[in-house]
Protein chains: 2
Amino acid sequence: MILKSQVEWALHCCAILAGLPKGRYLSTKALAEFHGVPKEYLSKALQSLSQAGLVHTTLGPSGGYRLARTPDELTFLDIVEAVEGKARTFVCNNIRANNPCRPQGYCESAPCAVARVMWEADEAWREKLRSVQLSDLIDTLAKEVPAELWKKSFEWVLERAG
Amino acid sequence: MILKSQVEWALHCCAILAGLPKGRYLSTKALAEFHGVPKEYLSKALQSLSQAGLVHTTLGPSGGYRLARTPDELTFLDIVEAVEGKARTFVCNNIRANNPCRPQGYCESAPCAVARVMWEADEAWREKLRSVQLSDLIDTLAKEVPAELWKKSFEWVLERAG
DNA sequence: GCAAATAGGGATATCGTTTATCCGTAATAG
DNA sequence: CTATTACGGATAAACGATATCCCTATTTGC
């Protein structure tokens, strides 16, 4: 069970978009080049962000993406769920219903106890992702990324932002 | 990203094995029939439990599986990891290293900040699974499953336990 | 108005994983 | 000795992740 690589791409792209001056847009082409990932496929991930309402888009030359909210209003969970979906990672097939001792037509009152535990763990995962905002990531990166590289990257993006 | 159905099967099988009298074994055939799942494929899941040391096996007629530890020494995480593996659900491909502004031969000091957050969430998921013991599940089932069904199921298993 | 660049969506192809089955081997109980 | 079992390897089908291509509508700048 491994998350799509698109999740990683989307998170990194949002980190870049967070640094865009207000009103500017960055294209798929620039984001793909910056991260060294296939443009056409990255486009699908960005479309997922768009459909989830996390980013705004414009068409035409100088078009592209910008965040729809401020970085402190965007959580990791928002981004992960936009790409990966909101479905739980554990699917209950209710195999207890195959119990040969079970009376005919017996109807379950509660969700399977096994599934409930697995869903609680799933929720713990989501809660952790919900607790981290995009702004937290930016703060961390600002500390960790060497100043020179940080500055150069910012300029690189600005040159291409429409 | 969805867990294998084998995870569900393994959890339910362990719950059944927890009810076995000391020293008795239950075969793949019986476990597969009880849960209505393909015997050959379930066998792979049980082999995973065996390789992880969670269950003991014996060969021959009246052979099969029994728990290697008491239900309060077996956690959900033990079982989930035995089947699903211990690898993290988020794989960092270190795409930040593709940054065109990055100086040649630059070597990262720390794991990617994005990956660290994702791994913390993964750990939160595991911690939750680690906190629930198989005995907890048995307690819940003992309360929720109708007494009649509980008794019949127990008898069904005993008839087939070697 | 026109040309270039863009997001968006659909169709398609490739690859790896999950799911599933089959078979041969070794061990064991009766 | 026979029947039954766990175990491992080989194989195949089904599915999702990855990736590419193409067409359309829209927008910018000339």
Inset, instruction - Measure the shortest side-chain to side-chain distance between B:L54 and B:L67 over non-hydrogen atoms and say whether it is less than 4.5 angstrom. - result: no

Inset, instruction - Please list, by residue number, the residues of residues 92-99 of chain A whose heavy atoms come closer than 4.0 Å to an atom of DNA chain D; answer none if no residue qualifies. - result: none

Inset, instruction - Decide yes or no on salt bridge (charged side-chain N to carboxylate O under 4.0 Å, His left out) for B:R102 and A:E148, but give the supporting numbers first. - result: CA-CA 9 Å; B:R102 191 161 292 259; A:E148 176 67 13; over 6 Å; no

Inset, instruction - Look only at the side chain of B:R116 and the backbone of B:P111, and say whether a donor-acceptor pair between them is shorter than 3.5 Å. - result: yes

Legend entry - Student check: side-chain heavy atoms of A:L26 and A:Y65 closer than 4.5 Å: no

Legend entry - salt bridge (charged side-chain N to carboxylate O under 4.0 Å, His left out) between A:K128 and B:E127, intermediate numbers included: CA-CA 12 Å; A:K128 180 70 193 180; B:E127 183 54 38; over 6 Å; no

Inset, instruction - Can you spot which of A:E40, A:K39, A:Q47 makes a side-chain hydrogen bond (donor to acceptor under 3.5 Å, both in side chains) with A:S43? - result: A:Q47

Inset, instruction - Indicate for each nucleotide in nucleotides 4-13 of chain C, in 5' to 3' sequence, whether protein heavy atoms under 4.0 Å reach the base (B), only the sugar-phosphate (S), or nothing (-). - result: BBBBBBB---

Inset, instruction - Please check if any side-chain donor atom of A:R96 sits under 3.5 Å from a side-chain acceptor atom of A:N94, or the reverse. - result: yes

Inset, instruction - Return the residues of residues 2-16 of chain A meeting this criterion: a heavy atom under 4.0 Å from some atom of DNA chain C. Order them by number, or give none. - result: none

Inset, instruction - Taking A:E84 for its side chain and B:M1 for its backbone only, find out whether a donor-acceptor pair lies under 3.5 Å. - result: yes

Inset, instruction - Look only at the side chain of A:E8 and the backbone of B:N93, and say whether a donor-acceptor pair between them is shorter than 3.5 Å. - result: yes

Legend entry - Sub-4.5 Å side-chain heavy-atom contact between B:W119 and B:C92: yes

Inset, instruction - Considering only heavy atoms of chain B and a distance under 4.0 Å, specify the first and last nucleotide of DNA chain D in 5' to 3' order that meet this criterion. - result: D:dA3 to D:dA17

Return a table of donor-acceptor pairs under 3.5 angstrom between the side chains of residues 153-162 of chain A and protein atoms on other chains or two or more places apart.
| from | atom 1 | to | atom 2 | distance (Å) |
| --- | --- | --- | --- | --- |
| A:S153 | OG | A:L149 | O | 2.8 |
| A:S153 | OG | B:N99 | ND2 | 2.9 |
| A:E155 | OE2 | A:K151 | NZ | 3.3 |
| A:R160 | NH1 | A:W156 | O | 2.9 |

Legend entry - Pairwise side chain to side chain donor-acceptor pair (under 3.5 Å) hits with a residue in residues 72-83 of chain A, at least two apart: A:R69-A:D78, A:T70-A:D72, A:T70-A:E73, A:T75-A:D78, A:E81-A:K86, A:E81-A:R126

Inset, instruction - Take the protein atom OH of B:Y41 and the nucleotide atom P of C:dT17, then report the distance between them rounded to whole Å. - result: 13 Å

